[in-house]
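Structure record follows, encoded as structure tokens.
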Amino acid sequence: MSSSRPSHLADPAGAVVAHVVCDLTAYLPFVTVASLQLLVAWYRGLCPPDRFVHYAIPETMDWDDIDDPLLTAQGRAAEAAGEALPFLAPVRTRVAAGRPFHILFWDGLDTDCYCFNLRCVRDDAKKDHAFVRVTMPASVDPGVLLGAARELADNIPYLSGHGGYAFAYDPDRKFDAFTAIYPVARRYWGIDVEDLNETLPLMGSAIKGANWLTLLGAPFLETLAAETLRGVANANPRVQIEGRKHGLLIRAGSAPTYGDRHRPDPDFHALMAVGAALDPLIVRGHPTFSGDGFIDNDNTDGWFHRFYDPRGW
């Protein structure tokens, strides 16, 4: 890990447990068969063909090969009908029936990988929560991420979302990953820390926070005065606000920033301004992140509100 550009984080034995990626995540009010098809096509437009390798759905026990899938009966019927990606047939059935589902794509690489996760989970109160997440190598052209966010915001209804740098990790080593992430996140405020298992159920009534790109859908635009955001943009020319079909797309700075609080640059100040303006919408009472640092210091909420109250983080 470089002192100025963190990339791969290791445990004390030297094994990589987390790495920095470009991430775009949107929290969705619902998923239809049509939006499922749109999102899969959207991801295929982002993913290099040679990285479109593996998939997983509820009916598979593990990752399967896209080019040689082990098909269900519905999948075989779809293949006989000449449908592309016939393994999606049982996912469409689940979506049409309003059942929980997931479809994942992965290129098979442990780091610097392309991944897609579209999922709907049902909580103990029988309420559904859905999201779509794409991760790409941190070296990807920021214009790709911006174009992807614009396309998503014009085609898929969303509650909120965020895009920029983020920490990715092996979920089987979650505790070790968050232990390594904590001291880096204390310095680099522009790298998102994610635990979707804990965050997703809270996204119906709050937003996660700001990143280089922040998506605000209709439910949150009703509770945040547009004048507030216009005031931020007027005060900081690096903040750009775009009206898209399904809400706003807010861009804090010219490119994703690591947000080094020891070496703040103009893009970091833009991110701080956006995060502070959005603070009334940001989740409170979030469960504690994993790992030694977050658990010992009990300051997970401080991380969420770092742009408005830096002393808390």
Side-chain angles (χ1 to χ4, degrees), residues 2-7 20-26 46 134-154 158 160-167 184-194 207-217 220-221 223-282 302-313:
S2 164
S3 61
S4 59
R5 297 283 289 182
S7 57
V20 178
V21 299
C22 271
D23 158 88
L24 181 59
T25 300
L46 298 172
V134 169
T135 62
M136 298 176 281
S139 59
V140 74
D141 183 338
V144 173
L145 199 66
L146 177 59
R150 286 169 169 162
E151 185 177 354
L152 186 148
D154 283 340
Y158 56 86
S160 65
H162 45 84
Y165 292 129
F167 292 107
V184 183
R186 290 268 291 174
R187 174 173 176 177
Y188 296 97
W189 291 12
I191 310 176
D192 189 48
V193 180
E194 71 86 11
I207 71 170
K208 183 177 181 182
N211 204 318
W212 176 49
L213 305 176
T214 305
L215 294 164
L216 283 186
F220 297 107
L221 292 176
T223 57
L224 184 72
E227 291 79 7
T228 300
L229 293 174
R230 283 198 293 268
V232 173
N234 289 337
N236 192 322
R238 287 181 176 266
V239 175
Q240 301 292 318
I241 301 175
E242 300 179 13
R244 313 305 301 190
K245 181 177 179 180
H246 294 289
L248 294 185
L249 172 59
I250 307 165
R251 185 166 22 129
S254 57
T257 178
Y258 279 65
D260 186 348
R261 70 184 182 96
H262 295 322
R263 300 176 182 174
D265 59 20
D267 286 340
F268 179 54
H269 291 305
L271 180 59
M272 288 282 292
V274 171
L278 296 178
D279 192 76
L281 303 179
I282 295 175
W303 178 84
F304 279 97
H305 296 276
R306 63 200 182 280
F307 299 123
Y308 178 75
D309 181 15
R311 293 172 299 178
W313 178 243

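Computed from a prediction, not measured in an experiment: that's the story for all the values here.
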Distance-minimising heavy-atom pair for [X] and [Y]:
{"X": "Pro256", "Y": "Gly164", "result": "CB-CA, 4.4 Å"}
{"X": "Pro142", "Y": "Ala255", "result": "CG-CB, 4.2 Å"}
{"X": "Pro6", "Y": "Val20", "result": "O-CG2, 3.5 Å"}
{"X": "Ala276", "Y": "Tyr308", "result": "O-CD1, 3.9 Å"}

Distance from [X] atom [atom1] to [Y] atom [atom2], nearest 0.5 Å?
{"X": "Leu278", "Y": "Ser160", "atom1": "CG", "atom2": "OG", "value": "10.0 Å"}
{"X": "Phe304", "Y": "Ile207", "atom1": "CZ", "atom2": "CD1", "value": "11.0 Å"}
{"X": "Arg244", "Y": "Glu151", "atom1": "CZ", "atom2": "CD", "value": "10.0 Å"}
{"X": "Ile282", "Y": "Arg306", "atom1": "CD1", "atom2": "CZ", "value": "8.0 Å"}
{"X": "His269", "Y": "Thr257", "atom1": "NE2", "atom2": "OG1", "value": "10.0 Å"}
{"X": "His162", "Y": "Asp23", "atom1": "NE2", "atom2": "CG", "value": "6.0 Å"}

Heavy-atom check, side chain of [X] versus side chain of [Y], under 4.5 Å:
{"X": "Leu216", "Y": "Leu281", "result": "yes"}
{"X": "Val184", "Y": "Phe167", "result": "yes"}
{"X": "Phe307", "Y": "Leu271", "result": "yes"}
{"X": "Tyr165", "Y": "Val21", "result": "no"}
{"X": "Leu152", "Y": "Leu215", "result": "yes"}

Mark yes or no for whether [X], through its side chain, and [Y], through its backbone, hold a donor-acceptor pair below 3.5 Å.
{"X": "Arg238", "Y": "Pro266", "value": "no"}
{"X": "Arg187", "Y": "Arg261", "value": "no"}
{"X": "Asn211", "Y": "Leu213", "value": "no"}
{"X": "Trp212", "Y": "Asp267", "value": "no"}

Pair Leu146-Leu249, side-chain contact (heavy atoms from CB on, under 4.5 Å): steps then yes or no: CA-CA 9 Å; Leu146 177 59; Leu249 172 59; 4.0 Å; yes

Pairs meeting criterion salt bridge (charged side-chain N to carboxylate O under 4.0 Å, His left out) with involvement of residues 135-149, two or more places apart: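 Checked against salt bridge (charged side-chain N to carboxylate O under 4.0 Å, His left out) - neighbours excluded - no pair reaches residues 135-149.
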
Would Asp192 and Lys208 satisfy side-chain contact (heavy atoms from CB on, under 4.5 Å), going step by step from the backbone distance to the final call? CA-CA 10 Å; Asp192 189 48; Lys208 183 177 181 182; 2.8 Å; yes

Applying side-chain contact (heavy atoms from CB on, under 4.5 Å), can you list everything that pairs with Asp309, at least two apart in sequence or on another chain?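 So Asp309 forms a side-chain contact (heavy atoms from CB on, under 4.5 Å) with Arg311.
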
Check the orientation of Tyr258 and Tyr188. Use parallel for under 30°, tilted for 30 to 60°, and perpendicular for over 60°. perpendicular

